[in-house]
Amino acid sequence: MYKRIVLKLSGEALAGSRGFGLDAEKVAETAAEIADVHSLGVEIALVVGGGNIFRGVAEQAREMDRVSADNMGMLSTIINAIALQDALEQRDVQCRVMTAVFMNQIAEPYIRRRAVRHLEKGRVVVFAAGIGNPFFSTDTAASLRAMEIKADVLLKGTKVEGVYNADPKLVVDAVKYDEITYMDILKQGLKVMDLTAVSLCKDNNLPMIIFNMNQPGNIKRVVMGEKVGSLVTA
């Protein structure tokens, strides 16, 4: 169904039931799913968050300058990216970490043409450090990178089944949308992803699928074209 995808993973998705840090078992499970999809011939780029280690806008950063806190958050994403790279390479999947903050001893600098070349050669690419600037979330980074590398779709793995009109964990009868437009998300103020990312996707006609990452095999189902999660269109 899709030849080139960008998969956005939250840092919490790698923390498992612990809620913080890295859960080796969860990282291995996630890598196994990605390797499974990669074996289909799909070109995969990942954007990973860092909230399992440090979140720049949470209690952890209450007394901190926002720029310092966001810089720490960006470094957290690099830790997660390296963990994913290691887990993928243990499954014989070639992987490159590309970071928007230069640290040449650890990862490659993000260069768009080089990233596309890695994908064309069948390597998984992990984009770390967001877009390299404070005040921008990893959701925005995922949207931006997806457009830069001309991805067919942006996939966002979450803890719920898709987009709802209210938080399904708080509202029992929350209604799930199978399809919704970016404009409707903006009008209803739905907390799907931050508004900068939503506007970016809307302006560039990038489709996005939001699905439950905790359901094994869901990434493959989405890529194969099954009706999983919620489709967001411009």
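Between Lys121 and Gln94, the closest side-chain pair of non-hydrogen atoms is not below 4.5 Å. Within the 4.5 Å cutoff, the side chain of Phe136 has no heavy atoms near those of the Asp194 side chain.
Atom CG of Leu195 has 12 or fewer neighbouring heavy atoms from other residues, nucleotides or ligands inside a 6.0 Å radius. Annotation for Phe102: atom CZ does not count as buried by contact number, only 12 or fewer foreign heavy atoms lying within 6.0 Å.
Using a cut-off of 4.0 Å between Lys/Arg side-chain N and Asp/Glu carboxylate O, Asp36 and Lys220 are scored as salt-bridged.
Side-chain contacts under 4.5 Å among hydrophobic residues (ILVMFWY), followed directly or transitively, place Met183 with no other residue at all. Side-chain heavy-atom separations under 4.5 angstrom define the hydrophobic clusters, and the remaining members of the one that includes Tyr164 are Val160.
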Pair up each side-chain donor or acceptor in residues 227-234 with any protein partner under 3.5 Å, not counting sequence neighbours, and list the distances.
unit_1	atom_1	unit_2	atom_2	d
Ser230	OG	Val163	N	2.8
Ser230	OG	Tyr177	O	2.4

N/O donor-acceptor pairs under 3.5 Å from side chains in residues 204-212, not counting sequence neighbours:
unit_1	atom_1	unit_2	atom_2	d
Asn204	ND2	Leu200	O	2.8
Asn212	OD1	Asn214	N	2.8
Asn212	ND2	Glu161	OE2	2.8

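Every residue two or more places apart in sequence or in another chain that forms a side chain to side chain contact (heavy atoms under 4.5 Å, CB included) with Arg114 is listed here: Met98, Glu108, Pro109, Ile111, His118. With sequence neighbours excluded, no residue satisfies ring-ring contact (aromatic ring centres under 6.0 Å, His included) with Tyr182.
If you check the side chains of Ser68 and Asn71, you find no donor sitting under 3.5 Å from an acceptor.
The cationic atom of Arg145 (NZ for Lys, CZ for Arg) lies less than 6.0 Å from the six-membered ring centre of Tyr110 and within 45° of the ring axis.
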